[in-house]
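The figures that follow rest on heavy atoms only: side chains count, while hydrogens, waters and symmetry mates do not. A note on names: the letters A, B, ... follow the listed sequences, proteins ahead of strands, and every chain is numbered from 1.
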Amino acid sequence: MALECRELGYDSAIALGGDALAREELGAHGIQVLKGYCIEEKSAKGVTAACRRAPGDRIIMVEAGEYAFNRAVISIPGIKILRGLWRAPSNAVDHVLARFAAQRRVAWDIELNPLVRTRGHARQRAIQRYRDILMLHRRLGVPLTISTGAASVLEQRGVRDAMRLCALFGMGQEEVYRALGTMGLLLRERRDVEVIGWAGDRPRSD
Amino acid sequence: MGRRPPTFRLKRRYLLARINPPWREFEAKELYSAVMEAATSLWGDRITACMQPSVVTVARGYAILRCTRGEDERLATAIATVVGANRHPVSLRTVARSGTILSLKRRMARMPLKGERLAIERGGRAMEAVRYAGQKIDLIEEGIKNQELLFFTDNELEER
């Protein structure tokens, strides 16, 4: 799949699961495979616990849910991507959440799979949801990522196909390029030092 | 309508698409049904009628598709949503587009060949290996309907 990904015009990919050794070897074939970790918990508490369990070198993404859940998830440190927004309820995101995600630099994922595999009402709903997300991205600057969500070579789509599919909900060529580079940008971004815990006793404030 | 003089004919555009998986043989009619289903569900009857999509030829793991001029982008989007033909999973990747079939056939001749087939045995199971350009190998086992993930490393090859 990684080799097909390279042939389709990508220079890197995020893979969930699989074998780490094989991935390192793929680096020599001109494709960088980053390791992802998808959390599909129903509660924010569960997500926090899963985040702690996640290996340190993984890009953590969380399956979106209800509005309150999404808001809680965005505030959890270490989470990079909120995905599956097309499956979430229609009121799962709004402008307040978009502004918050833009501040926290948590990207919202646009999955191409529903545009390719679904038909009729389901695809119309996905297009509608992606239009809303695009509007929030344009106005409030919430970072977007584009993913195929592919489980096999046949489900992968190239860069040009991604552009064509994203044009269905009004996303321009430049916006697609930017969204494809979002993950690289987020990983390179310099962040302020965050205190995530104390090794010993908490120092006294006085 | 009967055959029209050249100035009355509609201008056409042709798309060259790679068929994935390349080892599965499809007839033009099967691909046509899949493309029409994808185009109709995505763009609706009116635009598909204006597009007039058709599959001209299928050969060497590639297909040449035809549409009216100006609708080629829509056809390319529609074929990106093709997921199956004749109850087999398939994906079509647009490789090139042109105003003539001849130029696409020339382009097709320059493209890498369909994978060569080898009979191999792995773990006591007889399999067919299809090797492509770019270090890709598909392993197909007769009678197995699901997909299985296999990793080949250099060490593994030395042991064999």
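- Enclosure of atom CZ in B:Phe26 by more than 12 non-hydrogen atoms of other residues, nucleotides or ligands within 6.0 angstrom is indicated.
- Atom CG of A:Leu168 and atom CZ of B:Arg74 lie 10.5 Å apart (nearest 0.5 Å).
- Separating the OG1 atom in B:Thr81 from the CG atom in A:Asp161 is a distance of 9.5 Å, to the nearest 0.5 Å.
- Residue contact with chain B, scored on non-hydrogen atoms closer than 4.5 Å, is absent for A:Ile127.
- When the shell of 6.0 Å around CZ of A:Arg131 is examined, it contains 12 or fewer heavy atoms from other residues, nucleotides or ligands.
- At least one donor-acceptor pair closer than 3.5 Å links the side chain of A:Arg157 to the backbone N or O of B:Ala80.
- Looking at A:Leu115, only its backbone comes within 4.5 Å of chain B, counting heavy atoms on both sides.
- Taking a 6.0 Å sphere around CZ of B:Arg9, one finds it holds more than 12 heavy atoms contributed by other residues, nucleotides or ligands.
- Counting heavy-atom neighbours within 6.0 Å of A:Glu66 CD, excluding the residue itself, gives a total of 12 or less.
- A:Gln124 does not touch chain B: none of its heavy atoms, backbone or side chain, sits under 4.5 Å away.
- Residues A:Glu4 and B:Asn20 meet the side-chain proximity criterion, which asks for heavy atoms closer than 4.5 Å.
- Shown here is A:Arg87, whose CZ atom has more than 12 heavy atoms of other residues, nucleotides or ligands within 6.0 Å.
- For the pair A:Arg123 and B:Ala38, the tightest heavy-atom approach, listed with the atom from each and the gap, is NH2-O, 4.4 Å.
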Side chains of residues 176-185 of chain A: which donor-acceptor partners sit under 3.5 Å, not counting sequence neighbours?
unit_1   : atom_1 : unit_2   : atom_2 : d
A:Thr182 : OG1    : A:Leu144 : O      : 2.7
A:Thr182 : OG1    : A:Arg178 : O      : 3.0
A:Thr182 : OG1    : A:Ala179 : O      : 3.2

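- Here CE of A:Met163 is found 10.0 Å from CD of B:Glu73. Values are rounded to the nearest 0.5 Å.
- B:Leu42 contributes atom CG, which lies 12.5 Å from atom CZ of A:Arg164 (distance to the nearest 0.5 angstrom).
- In this structure, A:Arg119 places its CZ atom where more than 12 heavy-atom neighbours from other residues, nucleotides or ligands lie under 6.0 Å away.
- Taking all atoms of both residues into account, the shortest heavy-atom contact from B:Arg93 to A:Leu8 is CD-CD2, 3.4 Å.
- The local environment of CZ in A:Arg52 is sparse, with at most 12 non-hydrogen atoms from other residues, nucleotides or ligands closer than 6.0 Å.
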